[in-house]
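Structure first, then comments.
Letters A, B, ... mirror the listed sequences (proteins, then strands); counts begin at 1.
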Amino acid sequence: MVVSFPDGSSREYPEGTTALDIARSISQGLARKALVCRFAGGLMDLAAPLPGDGALEILTFDDPEGRDAMRHSASHLLASAVQKLYPGTRLGIGPAIEDGFYYDMDIPGFPGGEALEAVEAEMRRQAAADLPFVRREIGVEEARRIFSERGETCKLELVEELAARGEPLSVYQHGDFLDLCRGPHVPSTGRIRHFRLLSVAGAYWRGDEKNAMLTRIYGTVFDSPAALAEHLRLLEEARRRDHRRLGQELGLFTTGGDGGPGLIYWLPDGAIVREELERLWKDAHRSQGYRLVVTPHIAPSGLWKTSGHYDYYRDNMYFLPVDDGEYVLKPMNCPGHIIVFRSAKRSYRDLPLRLAELGTVYRHEKSGVLHGLMRVRGFTVDDGHIFCTPDQIIDEVKSVVRFALYFLGIFDFGYSIELSLCDPGNMCHYAGDASQWCLAEPALARALDEMGEEYRTVKGEAAFYGPKIDIKLRDAIGRFWQGPTIQFDFNIPARFDLTYTGPDGGEHRVFMVHRALFGSLERFIGNLVEHYAGNFPGWLAPLQVIILPITSAQHEKALETASGFRAAGLRCSVDRRSETVAFRIREAENRKVPFMLVIGDREAASGAVSLRRHGEGDQGSMPVGQALDLILSACRRPDLPDGGEFQSAEIR
RNA sequence: GCCGGCGUAGCUCAGUCGGCAGAGCAGCGCACUCGUAAUGCGCAGGUCAUCGGUUCGAUUCCGAUCGCCGGCUCCA
């Protein structure tokens, strides 16, 4: 048979040759690193004889499919170790996931997290035994027999489902452990060496809360000790940066307890960060031609019936009785902006009309999903709605994307863009008519193309009310977060019958774009805290300068210097406590104050200060004026985005 | 919402197999006047989350409630 390779070459091999044989014939190194292979388009075990002619690709941990096979194999190893230690364990599923694997099991008498070490030790024993993963294809009858003998009720459920869909069944075995599994797997347990079990959690069978709760054990696996150590270090780093911990340590916010779960109380220092962000946001929006509006927190429920939220979103809404009627605490800002739009008859000359608001909304999130600043019940959306004509779409989308990237640039976030389109085979599930989608979808893509931005297109991921662009932001340690989002809405303009008068004198349906750049201020600040590990850039730092007189003899000088700095617009305080300089420096470092000015006799006498930068240490002594200039430029607010074309005079 | 874990001083956490509640930091007072990441001494601080039960006696055991943490899409 003839096998071809990714480099374009091909060779002839005898029948029954396996990918592992071929890997060995190429190099021992490749054979050692090889995990699975792709043959004629499908993934296969290395140990399986190749079924005929075809293109072969040998996959290692460097390939996503190789990684998945390693992770998935590790999950089998985990399950077999648990079954050995806890006889009677019933298996759920155990897939590879991003960064690792898990296995869901019903484990009789499982003591929880404290058992992980013992399970890991058993996994190492089985790995050391280097048991081969053996694949066998079986019929439905045999599958039923095998899994009912073993009391594997979950597996039986899967067998029936797969049989009903007519899919072939296969099992994998290593040692005594047998699992229903599509594969592929790495050749043997000996390949699984650099792993660690991480946590235990409950998880419903098939993710459905009506089903039984199984025990889920999470782990991770790599191809080298260094890669595993690096991953564990990253996890530790993430814990260190946790915004809940830093929020407490730095006195930024508090939540939960008496204050109510999912509600954020901004402490004075956190409020400064938020205020600075809001100020920049407002100024930047004005510069981009947005009109800022303010809309109420509550509105009669009729408004929400028109918008459709009342029917589709009511589980997440808070209701309040007002007089004889029912009001709703707003879960979204759009209806408010629609009332603003409708407050006057609109002409095509008014468009695009860009409305924006830092609008605080309340949504009843399930108690179990609440998480620090990231998932809350009350939050402020940096909301904007653009009302425009069809031929303005491309320019508007471009300007919003450019605007979003301006903010990401300010904070040194990386990003990746996703374009979510409808599923063309399923148009009945979507609001608006096909002509609107046909206009908007290519316009979104074209806007991105014209800007030269790379993006991933995901069909079927659009909201029912319109296509959207999502920008994921990548933080300093490589994690992705939900970032700016730009969404078309074909639903609401129709529900509220929003129109404008065209040049032809007729009424036309207005196009509406919903966009948020931070998403929510709460979540965004949470992202910033973790991104910067609490070390805010100068302009956001709650306290920018702290002055440390060495003895009380310099107090007056210190106060005088501080008031000069404050007059220059800096947030500056003096630490006059009767503590050693070392102690006060330690505190200022822990508070992550970017600049510390030490004033002793020498400085006081010569009009100098000794400058110390957070995390960098002593910068030496310099004249006060020089220190002030240096700090002012380090704490300067970012420039506004270009917006020359939006002089206020041009806004009608 | 559900499963599991947790809830002790402002914060971080010990402890009590049922018998007067502990430390460090923070706070307050006193002394110290100090040169780049913790000066010393003292004082104060608690309905042991809340409510109910068992008990001679509950912070400890049991139950409920509230809150926090981990997880509940990633298809054998």
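OP1 or OP2 of G70(B) has at least one side-chain nitrogen or oxygen of His371(A) nearer than 4.0 Å. Within the 4.0 Å cut-off from OP1 or OP2 of A26(B), not a single side-chain nitrogen or oxygen of Arg577(A) is found. For Arg182(A) and C75(B), the shortest distance from a side-chain N or O to OP1 or OP2 is not below 4.0 Å. The side chain of Arg216(A) contributes an N or O atom lying less than 4.0 Å from OP1 or OP2 of C72(B). For Tyr218(A), a side-chain nitrogen or oxygen approaches OP1 or OP2 of C72(B) to under 4.0 Å.
Using a 4.0 Å cut-off between a side-chain N of Lys or Arg and a carboxylate O of Asp or Glu, Lys84(A) and Asp176(A) do not qualify as a salt bridge. Under 4.0 Å is where a charged nitrogen must lie from a carboxylate oxygen, and between Glu587(A) and Arg584(A) no such pair does.
Side-chain contact check for Glu418(A) versus Ile469(A): every heavy-atom pair is 4.5 Å or farther apart. Considering only heavy atoms from C-beta on, Ile217(A) comes within 4.5 Å of Met105(A) through its side chain.
Look at C13(B): its Watson-Crick or wobble partner, with both distances under 3.5 angstrom, is G22(B).
The residue Ala553(A) sits apart from the nucleic acid: no heavy atom pair falls under 4.0 Å. Among the heavy atoms of the strands, none lies under 4.0 Å from Val159(A). Contact annotation for Val598(A): base contact, defined as any heavy-atom pair under 4.0 Å involving a base atom. Glu167(A) comes within 4.0 angstrom of a base, heavy atoms only. Among the atoms of the strands shown, base atoms are found under 4.0 Å from some heavy atom of Leu169(A).
Of the residues near RNA chain B, Pro168(A) and Ser367(A), the one whose nearest nucleotide (by heavy atom distance) lies more toward the 5' end is Ser367(A). Both Thr580(A) and Thr551(A) lie close to RNA chain B; mapped to their nearest nucleotides by heavy-atom distance, the more 5′-ward contact belongs to Thr551(A).
When the nucleotides G35(B), A38(B), U36(B) are ranked by their closest atom to the side chain of Glu603(A), G35(B) comes out on top. Of all nucleotides listed (G70(B), A26(B), U36(B)), U36(B) comes nearest to the side chain of Arg612(A). Comparing atom distances between the Phe583(A) side chain and each of U39(B), A37(B), G1(B) picks out U39(B) as nearest. Of the listed nucleotides (G1(B), A31(B), C72(B)), A31(B) has the atom at the smallest distance from the side chain of Ser578(A). Of the candidates A37(B), G35(B), G67(B), G35(B) carries the atom nearest the Ile550(A) side chain, counting heavy atoms from C-beta on.
Rounded to a whole Å, the CG atom of Leu246(A) is 17 Å from the P atom of C11(B). In this structure, Asp575(A) atom CG and U39(B) atom P are separated by 12 Å, rounded to whole Å. Between the NZ atom of Lys366(A) and the P atom of C3(B) there is a distance of 13 Å, rounded to whole Å.
For the residue pair Asp99(A) and Thr220(A), no side-chain donor N or O sits within less than 3.5 Å of a side-chain acceptor on the partner.
On a pure distance criterion of 3.5 Å, no polar donor-acceptor pair joins the side chain of Gln248(A) and the base of G10(B). At a cut-off of 3.5 angstrom, the base of A38(B) holds no donor-acceptor pair with the side chain of Arg584(A).
Ring geometry for His174(A) versus Phe177(A): interplanar angle of 30 to 60°, hence tilted.
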